[in-house]
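Comments concern the structure below.
Excluded from the calculations below are hydrogen atoms, water molecules and symmetry mates; all remaining heavy atoms, backbone and side chain alike, are included. Everything quoted here is computed from the prediction, not taken from an experiment.
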Amino acid sequence: MLRSAHQAVIPIGRLGAGMVAPGWYLYTGSALGRGGLRGRLQHHLRPAARPHWHIDFLRRVCDVTAVWYVVGERRWEHDWAGLLAQQAEPAPCLGFGASDCHCIAHCFFLSAEPSPMQFAADAQRLYPDHPAIEQRTIKASERRGITNP
């Protein structure tokens with residue numbers, strides 16, 4: 001989960017530019033690669049000198065405030081993107097974070113702070129086999145140079 005306090009226009013690789021409005025951004029992804037969840041969080045909590053993923057561009061103007069996650073072999077990112085698409089607007093543009101799948105996007109915007117409890121309840125309702133969602137709040141001191149302008 002990311003938060004922007006300011007409006008901004010950001011470049012997003014081949015997608016062009018995207019508008020970032022003040023509010024909350026929920027990004028879905030997986031961490032099954034090298035380094036697992038720890039490695040992915042370390043990447044997302046430090047500035048990206050050379051953006052690799054779409055989320056790296058958004059992090060330049062947003063603060064990472066929390067991480068919601070499940071641990072297991074199943075990739076829930078597409079299910080979460082489908083659930084979020086029912087509740088929020090794709091942002092900062094269509095296709096964000098979804099260049100390797102058929103999802104409308106993997107990042108969604110809400111003007112009000114989202115509730116992890118409500119999201120977990122919605123996921124469990126839609127997917128009865130969904131594991132418990134864990135939450136980790138990210139302290140400002142953990143963001144290692146990521147600041148909101």
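Residue pairs meeting the salt bridge (Lys or Arg N to Asp or Glu O under 4.0 Å) criterion with at least one member in residues 77-89, sequence neighbours excluded: Arg74-Asp79, Arg75-Glu77.
Using bins of under 30°, 30° to 60° and over 60° for the plane-to-plane angle, the ring pair Phe96/Tyr27 lands in the perpendicular bin.
Here Cys103 pairs with His78, Ala81, Ala98, Cys101, His106 under the side-chain contact (heavy atoms from CB on, under 4.5 Å) rule; sequence neighbours left out.
For Trp68 and Phe119, the gap between ring centers is short of 6.0 Å.
Here the CH2 atom belonging to Trp24 is positioned 4.5 Å from the OG1 atom belonging to Thr65, to the nearest 0.5 angstrom. Within the model, atoms OG of Ser4 and CG of Leu58 stand 8.0 Å from one another, a figure rounded to the nearest 0.5 Å. Rounded to the nearest 0.5 Å, atoms CZ (Arg3) and CG (Asp63) are 8.0 Å apart. For the atom pair CD of Gln86 and CG of Leu126, the computed distance is 6.0 Å after rounding to the nearest 0.5 Å. With rounding to the nearest 0.5 angstrom, the CG atom of Asp100 is 11.0 Å from the CH2 atom of Trp53.
Minimum interatomic distance between Gly97 and His54 (heavy atoms only, all atoms of both residues): N-ND1, 2.7 Å. Nearest approach of Ala85 to Ile104, heavy atoms of both residues: CB-CG2, 4.1 Å. For Pro92 against Val20, the heavy-atom pair with the smallest separation is CB-CG2, 4.2 Å. Residues Ile12 and Cys93 share a closest heavy-atom pair of CD1-SG, 3.7 Å. Closest approach of Gly23 to Phe109, counting heavy atoms only: CA-CE1, 3.6 Å.
For Arg125, the CZ atom sits in a packed shell: over 12 heavy atoms of surrounding residues, nucleotides or ligands are nearer than 6.0 Å.
In this structure, a donor-acceptor pair under 3.5 Å is present between the side chains of Gln87 and Asp122.
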Please list, one pair per line, the donor and acceptor atoms closer than 3.5 Å that link side chains of residues 130-137 to other protein atoms, with sequence neighbours excluded.
from, atom 1, to, atom 2, distance (Å)
His130, NE2, Trp80, NE1, 2.8
Arg136, NH2, Glu142, OE2, 2.2

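The one candidate from Ile55, Val61, Ile138 that meets the side chain to side chain contact (heavy atoms under 4.5 Å, CB included) condition with Leu2 is Ile55.
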